[in-house]
Amino acid sequence: MNRLGVRISRALAGGLTAVVAGALLTGCEGGLPGDAKASDSAAAPTAPGSGGGTSPLANPEGTKPGLAAITSEQDRAAARRLIEKVSTKGRGPRTGYARDRFGYAWMDSADGVPLARNGCDTRNDLIRRDGLNLRFRAGSDCVVIAMTLHDPYTGTTIEWRKENASEVQVDHVVPLSYSWQMGSSRWPLNKRKQFANDVLNLIPVEGRANSAKRDSGPASWLPPNKRIRCSYAVRVSQVAVKYGLPVTAADKRTMLTQCGG
């Protein structure tokens with residue numbers, strides 16, 4: 001082999017060595033969005049997770065992220081048809097309500113709901129579903145310590161860190177106390193656990209907006225972001241229809257109004 005051939009062979013060998021070394025350092029997970037991990041002390045942004053917005057009409061199980069606006073007249077008509085399926089009744093008393101009547105918070109063992117029994121609690125499942133640029137606690141592929149959230153309720157983007165945990169709260173779209181007053185007080189415990197941990201009924205949002213909502217129905221509280229109010233009404237309706245839960249007549253009228261009814 002002449003001198004030029006030797007130089008080319010050495011260059012190729014050096015490049016291959018660098019590629020192999022890089023692969024050993026990074027592993028095979030680098031190409032899988034949302035799978036990368038980082039430590040608490042030196043967390044580096046990962047590839048984007050599954051955050052973003054999905055129309056509730058295209059997300060009947062709640063497994064896709066976010067709550068995108070419903071804008072076309074065709075979709076708004078479909079939204080009104082769904083809302084019309086919801087039954088109505090008067091709101092009963094709150095007597096006997098307690099959070100633990102729905103099982104302990106964010107259990108992974110509720111039967112009959114997506115993402116249950118996957119080794120990760122419901123709150124972290126929801127953060128992983130809706131968050132972008134997820135960073136995980138060292139040694140965990142479940143516990144999120146930082147993320148970017150596009151909050152549908154306020155239309156703002158939140159750079160969330162676990163040390164400020166309350167900045168993002170997971171909202172029960174149909175609040176547990178509201179459901180209790182509308183009939184879930186008579187459900188068996190297993191159904192209440194399912195309701196409290198069903199991803200269809202859960203959205204990570206700005207903490208202050210969730211705190212302001214409390215256990216209000218749509219007639220008393222709607223998301224500040226007006227663009228997604230029809231979507232919010234649809235999601236309330238999806239939950240109500242799935243669980244056979246009525247809403248008040250005032251709440252149903254408000255929901256129809258948000259979708260042009």
Side-chain angles (χ1 to χ4, degrees), residues 54 56 59-67 83 86 91-92 94 96-116 120-131 149 151-154 165-225 228-229 231-248 251-252 254-255 258:
T54 309
N59 189 19
E61 294 185 344
T63 54
K64 298 176 184 178
L67 194 67
I83 295 168
V86 181
R91 191 162 176 165
R94 198 172 182 269
Y97 169 76
R99 174 61 179 85
D100 61 11
R101 296 295 184 96
F102 292 79
Y104 65 86
W106 313 131
M107 61 172 54
D108 184 39
S109 56
D111 293 323
V113 294
L115 308 185
C120 190
D121 64 86
T122 304
R123 177 181 166 83
N124 278 294
D125 278 337
L126 270 293
I127 290 175
R128 293 194 303 172
R129 184 195 70 182
D130 288 18
L149 179 73
D151 169 31
Y153 282 8
T154 62
S166 63
E167 188 178 7
V168 168
Q169 298 176 14
V170 177
D171 178 46
H172 284 94
V173 178
V174 177
L176 302 185
S177 174
Y178 181 97
S179 80
W180 183 266
Q181 295 169 73
M182 300 306 293
S184 70
S185 58
R186 297 186 294 274
W187 292 352
L189 177 58
N190 281 347
K191 185 174 180 180
R192 289 200 294 268
K193 290 178 178 179
Q194 179 183 1
F195 182 82
N197 292 278
D198 192 339
V199 295
L200 181 65
N201 193 30
L202 296 168
I203 302 179
V205 298
E206 184 199 71
R208 286 172 297 180
N210 185 51
S211 296
K213 174 182 173 180
R214 300 176 65 85
D215 68 349
S216 300
S220 302
W221 185 92
L222 288 166
N225 179 12
I228 61 97
R229 287 181 175 179
S231 298
Y232 178 78
V234 167
R235 180 52 57 82
V236 171
S237 300
Q238 289 173 322
V239 175
V241 168
K242 178 175 181 177
Y243 286 90
L245 192 72
V247 300
T248 68
D251 286 335
K252 185 171 181 176
T254 299
M255 289 155 63
Q258 305 316 306

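The analysis underlying the following values was restricted to heavy atoms, covering all of them including side chains, and did not include hydrogens, waters or symmetry mates. Keep in mind that what you see is a predicted model, and the values were worked out from it rather than measured.
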Walk me through it: do R123 and I127 pass the test side chain to side chain contact (heavy atoms under 4.5 Å, CB included)? CA-CA 6 Å; R123 177 181 166 83; I127 290 175; 4.0 Å; yes

Could you tell me which non-hydrogen atom of A209 sits nearest to which non-hydrogen atom of T154, and how far apart they are? CB-CG2, 4.0 Å

D111 meets the salt bridge (charged side-chain N to carboxylate O under 4.0 Å, His left out) criterion, sequence neighbours left out, with R117

Please report the closest heavy-atom contact between A240 and V86, naming both atoms and the distance. CB-CG1, 3.9 Å

Quick one: are K252 and I83 in side-chain contact, heavy atoms under 4.5 Å? yes

For residues 199-211, pull every pair meeting salt bridge (Lys or Arg N to Asp or Glu O under 4.0 Å), keeping only residues two or more places apart or in separate chains. E206-R208

Using a 4.5 Å cut-off on heavy atoms from C-beta on, say whether the side chain of M182 contacts that of T248. yes

Compare all side-chain heavy atoms of R214 with those of S220 and state whether any distance is below 4.5 angstrom. no

Less than 4.5 Å apart, any side-chain heavy atom of F195 and any of L176? yes

Distance (rounded to the nearest 0.5 Å) between L67 CG and I203 CD1: 4.5 Å

Measure the shortest side-chain to side-chain distance between N190 and Q194 over non-hydrogen atoms and say whether it is less than 4.5 angstrom. no

For S216, enumerate each residue passing the side-chain hydrogen bond (donor to acceptor under 3.5 Å, both in side chains) test, keeping only those at least two apart in sequence or located in another chain. none

Taking distance alone, no hydrogens or angles, what donor-acceptor pairs closer than 3.5 Å link side-chain atoms of residues 97-105 to residues at least two apart or in another chain?
from: R99; atom 1: NH1; to: G103; atom 2: O; distance (Å): 3.0

What are the two closest heavy atoms between V168 and P204, and how far apart are they? CG1-CB, 4.0 Å

Between CG on residue L115 and OG1 on residue T63, distance to nearest 0.5 Å: 7.0 Å

Closest heavy-atom pair and its distance - C120, R128: CB-NH2, 3.7 Å

Is there any side chain to side chain donor-acceptor pair (under 3.5 Å) pair reaching into residues 234-247, and which pairs are they, with sequence neighbours excluded? D198-K242, D198-Y243, R235-Q238

What is the minimum heavy-atom distance between P56 and S231, and which atoms define it? CG-O, 3.7 Å

According to side chain to side chain donor-acceptor pair (under 3.5 Å), does anything in residues 170-184 pair up with another residue at least two apart or in another chain? List the pairs. R91-Q181, R94-S177, Y153-D171, D171-K213, S177-Q181, S177-D215, Y178-D251, S179-S184, Q181-D215

For the side chain of Q169 and the backbone of N210, is there at least one donor-acceptor N/O pair under 3.5 Å apart? no

Can you find a pair of side-chain heavy atoms, one from N225 and one from Y232, that are under 4.5 Å apart? no

Side-chain heavy atoms of V199 within contact of L126, under 4.5 Å: yes

Worked verdict on R129 versus D125 for side chain to side chain contact (heavy atoms under 4.5 Å, CB included): CA-CA 6 Å; R129 184 195 70 182; D125 278 337; over 6 Å; no

Just by distance, no angles: are the side chains of T54 and N59 close enough, under 3.5 Å, to form a donor-acceptor pair? no

Compare every heavy atom of M255 with every heavy atom of V236, then report the nearest pair and how far apart it is. CG1-CE, 3.8 Å

For side chain to side chain contact (heavy atoms under 4.5 Å, CB included), just list the numbers for D130 and L149, CA-CA rounded to whole Å, side-chain angles, deciding distance to a tenth of an Å, and then say yes or no. CA-CA 7 Å; D130 288 18; L149 179 73; 4.0 Å; yes

